[in-house]
Colleague: 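My questions all concern the structure below.
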There are 2 protein chains.
Amino acid sequence: MASQRPGPNLSRIATSLGVSVATVSNALSGKGRVSDALIERIRAHAAELGYVPSQAGRALRTGRSGVLGLVLPDIANPLFPKIAQAIEYAASAAGYGVLIADSRGDITAQTEAINRLVERGVDGMVVVPRRATRISGASCPVAVIDTASTPGNTVAADHWQGGKEIAAHLAGLGHRQILIIGNNHESNVQNDRAGGIRAGLQPGMRSETLWIERLEAETGVGCRLGLAEKAGQGFTAFAALSDLQALRALTELQQEGISVPADVSVTGFDDLIWSPVVTPSLTTVRMDMDTIAEIAVSALVDRINESGTREGVLVTAETERVPMQLIVRQSSGPANPAQKTSEMENM
Amino acid sequence: MASQRPGPNLSRIATSLGVSVATVSNALSGKGRVSDALIERIRAHAAELGYVPSQAGRALRTGRSGVLGLVLPDIANPLFPKIAQAIEYAASAAGYGVLIADSRGDITAQTEAINRLVERGVDGMVVVPRRATRISGASCPVAVIDTASTPGNTVAADHWQGGKEIAAHLAGLGHRQILIIGNNHESNVQNDRAGGIRAGLQPGMRSETLWIERLEAETGVGCRLGLAEKAGQGFTAFAALSDLQALRALTELQQEGISVPADVSVTGFDDLIWSPVVTPSLTTVRMDMDTIAEIAVSALVDRINESGTREGVLVTAETERVPMQLIVRQSSGPANPAQKTSEMENM
DNA sequence: GTGCTTCGCTTAATCGTTTAAGCAACTGCA
DNA sequence: TGCAGTTGCTTAAACGATTAAGCGAAGCAC
């Protein structure tokens, strides 16, 4: 019934060559004492037979599955592709597989998802936490990717610095009144980004923050953001805390006849897939996901190799903040002098 | 060295209760002959100790890992979140974990990714193939999710029918000249969608197709699509084959002062994350990913359970096409009579 | 009461790998 | 020659689960 694996195993190689399984194992892993000649013969024969070690056998013996878990709790997060891709790449390079667990946005489901991963015997996991959830002690090393201000964060993009880049960019273009557009004021990431923008403002500049979820709670989902009115009040730059909000702002402004970047500028965060192809293409700030993933995975792998005891621990990395990179495109331009003052309110 | 798993195992439960491991195994799986009373005692004790079966041990013995592979070769595909989420959910419901393998868009890497999954001992895999690649015989059951016209396709959204829905919708609004905007003319999915649109046109209607990749090959990446000129030629509806292209069309039109939907209509495909929140919100066609994933996974699981021999086979499902659902939003409206004829060319 | 079946549990083998321990044979040194 | 140390391989015991086979005891029929 239990279909035997098709490929050859150690013992097949061993009998076929007239040696013991232990020798084959040693030869392939390079661990024990085997003569160079025999190592060569064994390796050649293994390759010829297309030998693939059984992860199950190895996992059972070593207590290590060679698999990392990836928990992505935010439903349909547009960053998902980049994160998953980067983590998979880094893990794969380190010889690990990646088991995904999505909790469909549900907070209790996050714990369930983590448990499923643990039951499957992952050696560690990378968690991109939902909002401000604490990771309850899973029984394996955990790396958290969120933002520096999240307690227990392992590594993340330097959202604060990204915000300062945006502020500096807009300041350099002559903007004085900036409307920050965020989605959720409880998000650590968005708060850090907004904080960075505010910290980067120069004397004489002011900002205001619009949280979409709050607005939608009053006015209904998908409502107008009322950006035309804000432009009338003298705001010349709209700094969204994510490209998704930037896109929403951009299209709303365009629809109401306000030209970007001639009349006002719009910026985003994350360099999501559509940012280069919309018109005008979006000025944004990109996170170096590959580096972040590599740091997270190697911190995890280090901890796995070092600790014999399989305790659940939040791992730490040397580099906690990875710089973000400003990508200047068409959606940001010099401040329109006509809108610099508040005279437009009366138009 | 090999850290022993923290939790209790069968033998711990067995000795603790003074019975044999086999009995414990039988009691928990409900397979052998064990008295009801003892089953109850064993289950209770296992639960109390927080027993979690070792997947490694089970996998080794049964030859089944309880893990499915998910191969998503298109780099940063915006559908990734929905697909991964749906597959993970369906697999999880069927008691399987999901191991991801992204091949970063590289075609040879697709084979590598598949091999990595096989080496990790997946019981089967779901492949969303890149372009028109054939899946070379992996040594496990494979379900392909692409489109009906792809050879070996297991299940997919009915892209053709989706196209017809769009055509019918636009026809009903009085549009007569439709510009189909696709990205890649080698994509089976996009061809089916375009074919469906053309098949759905009514007498007196005509369509033209614009492939962005071709245009970009001449004019450069991120170039204008020249939709204003097309509008001048009498096209009143722009039917993109993906929401990404729809977004590109929408923003280009808005930027050039053409109002959507007052002057022209724009539609997309896939109901991607931004579609409801842009202004105007996008009329699109949504695929039922949950159903598709469920069909793919259950076809896979059926095949896994039935076949003792672990051959590589493309599995088939009863339902090959899952209907798509038209989502009418703001970006499509009645055809503007002023643009119906070709008089605008001279304006 | 004898023989047969069924019940309820145990024994033991097995999956494929790793790795500690053991054991010849050989080397080097006195 | 004798003894220690090294080399090169083998033996065997795990890891944790599943499952076929075995085996007393009890139930049942004649």
Side-chain angles (χ1 to χ4, degrees), chain A residues 1-42 46 49-66 95 119-121 123 305 308 310, chain B residues 1-42 46 49-67 95 118-121 123 305 308 310:
Chain A
M1 183 154 306
S3 56
Q4 64 261 33
R5 277 166 37 94
N9 50 19
L10 283 191
S11 87
R12 183 132 45 180
I13 298 179
T15 57
S16 155
L17 250 57
V19 297
S20 75
V21 274
T23 303
V24 178
S25 174
N26 283 330
L28 293 177
S29 67
K31 280 197 173 167
R33 294 180 303 205
V34 188
S35 66
D36 290 348
L38 187 49
I39 287 185
E40 200 48 48
R41 274 212 303 152
I42 290 177
L49 262 55
Y51 167 72
V52 175
S54 151
Q55 291 291 330
R58 177 174 292 169
L60 181 54
R61 177 60 228 241
T62 63
R64 297 243 257 278
S65 60
E119 286 181 21
R120 296 217 168 269
D123 294 334
N305 289 334
R310 255 172 164 279
Chain B
M1 182 155 307
S3 55
Q4 64 260 34
R5 277 166 36 95
N9 51 20
L10 282 191
S11 84
R12 185 133 43 181
I13 298 179
T15 57
S16 155
L17 251 56
V19 297
S20 75
V21 274
T23 303
V24 177
S25 174
N26 283 330
L28 293 176
S29 67
K31 280 196 174 169
R33 292 181 304 202
V34 188
S35 67
D36 291 347
L38 187 50
I39 286 185
E40 200 48 48
R41 274 212 303 152
I42 290 177
L49 261 55
Y51 167 71
V52 175
S54 151
Q55 291 292 328
R58 178 175 289 169
L60 181 54
R61 176 61 227 240
T62 63
R64 297 242 258 276
S65 60
V67 172
V118 171
E119 287 180 21
R120 297 219 167 267
D123 294 335
N305 289 334
R310 254 172 163 281

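Lettering follows sequence order; numbering is per chain, from 1.
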Colleague: Figure out the CZ/P separation between Arg41(A) and dC9(D), and round it to whole Å.
Modeller: 9 Å
Colleague: Round to the nearest Å and state the distance from Leu10(B) atom CG to dT10(C) atom C1'.
Modeller: 15 Å
Colleague: Measure from CG on Leu60(A) to P on dT18(C) and round the result to the nearest Å.
Modeller: 11 Å
Colleague: Provide, to the nearest angstrom, the distance between the CZ atom belonging to Arg64(B) and the C1' atom belonging to dC15(C).
Modeller: 14 Å
Colleague: Arg33(B) side chain: which of dG16(D), dC9(C), dC9(D) is closest?
Modeller: dC9(C)
Colleague: Looking at dT18(D), does its base get a donor-acceptor pair with the side chain of Arg58(B) below 3.5 Å?
Modeller: no
Colleague: Just report the end-to-end axis angle for the helix from dG1(C)-dC30(D) to dA30(C)-dT1(D), five pairs per end, to 10 degrees.
Modeller: 50°
Colleague: So which of residues 18-28 of chain A are in contact with DNA chain C, with a heavy-atom cut-off of under 4.0 Å?
Modeller: Ala22(A), Ser25(A), Asn26(A)
Colleague: 5'-most contact on DNA chain D: Ala56(B) or Lys31(B), nearest heavy atom basis?
Modeller: Ala56(B)
Colleague: Let me spell it out: for each of Ser11(B) and Leu38(A), pick the nucleotide of DNA chain D with the closest heavy atom. Which residue's pick is nearer the 5' end?
Modeller: Leu38(A)
Colleague: Are any of Ser35(A)'s side-chain N or O atoms less than 4.0 Å away from OP1 or OP2 of dC9(D)?
Modeller: yes
Colleague: What about Arg61(A), does its side chain sit under 3.5 Å from the base of dT17(C) through a donor-acceptor pair?
Modeller: no
